[in-house]
Amino acid sequence: MSAAPVVASRARQGARAVGLLAALAVLAAVAVASIAVGARQMPLDQVWHGLFHYAGTPGDVVVRDLRVPRTLLGVLVGLGLGLSGAVMQALTRNPLAEPGILGVNAGAAAAVVSAISFLGASTLGEFVWWAFLGAGVVSVVVYVLGGSRSATPVRLALAGTAASAALVGYINSVQLMDSKALDKLRFWTVGSLASANMDTVRQVAPFLLVGAVMAFSLGRPLNAMAMGDDTARALGANLTWTRIGAMAAITLLCGAATAACGPITFIGLMVPHLVRLITGPDMRWVLAYSAVLSPVLLLGADVIGRVVTRPAELQVGIVTALVGGPVFIYLVRRKRMAQL
Amino acid sequence: MTQTTNAKPDGSTASRSRVLRGPGGTALRLEPRALVAGLLLAAVALVMAIVLIGTGDFEIAPWDVVRTLLGEGSPADDFIVNDLRLPRVLVAVLVGAALGMAGAVFQSVSRNPLGSPDLLGFSYGSAVGALAVITLFQGGSAAVAAGAVAGGLLTGAAVYLVAYRQGIHGYRLVLVGIGASAMLLALIQYLLTKAKLVDATRAMVWLTGSLAGRDWSQVWPLLATCAVVFPLVLGQGRALRMMEMGDDAAYALGVGVERTRMLLMAAAIVLTTAASAAAGPISFVALAAPQLARRLTRSSGPNLLAGALMGSVLLLVSDWASQRAFGADQLPVGVVTGLVGGVYLLWLLVSERKAGRI
């Protein structure tokens, strides 16, 4: 019909693409900071040396065997949490949906805790499958408890919190009966990147990448679903398969992220909201930006946790909760929420 | 004095209520089913309390318990019953009642069956206070209780102030509470990682909620709190029932909505905090008791008194079950209430499905 809107939308597309590149640059900068900052500070030339001219000096070893795996794991886990948050918010049409709030993390944690305590699981390869099981079961239960299609944000959030409370109670009592498990678990349940190594990265990466591909392929149908079930059906989206696919993606992403470094809350909540301010509601861009900016936030929180109580560390799960809580409350207080 | 009966047209007796009208326009509504259910709950609580006093490493027959309580028992029984077990059972009764009533108030104010003070961060606030005392200062039980009270009241005040925006609305309170509880949970876990294993184990017992080793020094403050707050809350029951019809309707009926809500929530927070200080954050009693009571009485309205009685019964039965199943003081009572809570959630799931709401 007229050329002006097309030009405008082209210009917007261009701006979004440039923004995405800028976000990638920020991610690279944060990743370098994550390699450089810690109990022992690494100057940038040492980081460069350790990455590209590895010679086995103590500095090189710290960079390659400790900092790089930790940074990679942070990127992967951040990606998983951010994407699952974005998919969850679109699937439930709920601005407060988040794996931590909806109890999915707690479900994964409860399954892993049971596996450690009752079945003697001790390797990450075993944790991952239990985490998937827990995450999958709890996400379905909360979705149903919250009233599935007729769910309001408040109902869903409450159902998730109630499920988390039950699971946390269960986790606590398992730890109580088994003080050796308590000693192991109290560090895992905080959510931390500290124990990362290359094996961890290799074990969770495939799951997270498959989950990410699934999430990206759901961009179009989720866009259609945002307009309501009937419109989505009219636009040719297969609702059942979209729902199943989205649930599977959430389970893969959250389960793998939680298995790798314990439950971390609020990343999945905050990032999609920030992203929507930049990109608008198009899910394909929301997903792309979330995949880049969530690792920025997670690595940033990890770096902050390493700096504030040096030489000890504040676990990244604690930093994200303390930063994310106020963001959540701000979202709740905004006027637009009043109509929910 | 005249009597009128409001029965449903189909003649069902479930919600029949009688209204006694006195001179000068005074009226009293009686709901026979609610009355019977309340008396039944009180009777069950009394029987369970007596059975629980007799339960333990040294079993005492119920009849002997009653005789000892009346002051005619043997000196050995007298020591065990009056000095060791009676305070523990009284703490259970009071904590259960306080949690049940606080839950009834919160579910009514937030108009949501899942809105309960333990999900909204108030128990977590108490837990942070208590854990800080345990892990940072290795304080004794009195200091831990003081820390729990301080933490709970501070959290309550903070959540209320943050949620306040031209008045408090149920949904905003619930969501702010959820945000606060996530932050507080992170603090709890941080404190646990900082603690030595001995302190961490002690903290874990506290976090689960336990009645072991409670004595008279826990009973008196709790009893005093309940004696002041219960009448206050019950006095607002009528206003609360009207507020369930919506703020505007309640306002039109002459209820000072905002003031009533603030008073009731403050009362509920005080009750939750007092209960946490005495026995730790026992989960799910506040969530389940009012709903179970409502189904028993089939009465509309907040069911404050029935909720409180049901809370006592739940906690007494849970404590008895944990002692029977695992031996005396092996597992804290919070584990059992947590299990009960899980079953309750599942049941909610099934009944919602049956009602076709899912």
Side-chain angles (χ1 to χ4, degrees), chain A residues 96 100-101 141 144-150 152-155 157-170 172-173 175-177 179 182-183 186-187 189-192 262 265-266 312 314-315 317-333 335 337-338 340, chain B residues 110 112-116 118-120 123 159 162-163 165 169-172 174-187 189-190 192-195 197 200-201 204-205 207-209 283-284 287 330-332 334-339 341-346 348-349 352-353 357-358:
Chain A
L96 298 177
I101 296 289
V141 165
V144 175
L145 252 186
S148 49
R149 263 162 268 177
S150 60
T152 64
V154 180
R155 265 196 82 173
L158 268 175
T161 315
S164 299
L167 292 166
V168 167
Y170 167 74
N172 281 352
S173 31
Q175 295 183 343
L176 201 65
M177 288 184 281
S179 72
L182 165 63
D183 206 19
R186 64 184 171 140
F187 295 102
T189 51
V190 177
S192 164
T265 42
F266 282 123
L314 207 54
Q315 287 83 354
I318 291 165
V319 179
T320 56
L322 293 184
V323 176
V327 174
F328 182 84
I329 288 170
Y330 165 76
L331 288 176
V332 168
R333 275 180 59 89
K335 220 179 185 117
M337 285 293 300
L340 287 173
Chain B
S110 66
N112 194 313
L114 291 175
S116 95
D118 45 349
L119 298 186
L120 299 187
S123 307
V159 167
V162 171
R165 185 168 152 164
H169 281 283
Y171 75 89
R172 207 188 298 134
V174 166
L175 292 172
V176 168
I178 285 175
S181 64
M183 287 165 69
L184 292 166
L185 201 60
L187 277 178
Q189 288 172 337
Y190 173 69
L192 275 181
T193 60
K194 286 285 124 187
L197 188 55
T201 313
M204 209 48 118
V205 173
L207 275 180
T208 316
S283 59
F284 280 110
L287 185 72
Q330 288 299 306
L331 260 191
V335 174
V336 178
T337 60
L339 283 177
V343 173
Y344 168 73
L345 278 181
L346 278 180
L348 203 62
L349 203 69
E352 293 274 286
R353 180 167 279 281
R357 279 195 287 273
I358 293 175

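All values reported here derive from a predicted model rather than from experimental measurement. In what follows, every chain begins at residue 1, and chains take the letters A, B, ... in the order their sequences are listed.
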So which atom in A:Phe266 and which in B:Gly179 form the shortest heavy-atom distance, rounded to 0.1 Å? CZ-O, 4.4 Å
Heavy-atom closest pair (A:Ala321 atom, B:Ala186 atom, distance to 0.1 Å) is CB-CB, 3.4 Å
Considering all heavy atoms, the nearest A:Gly325-B:Met183 contact: CA-SD, 3.3 Å
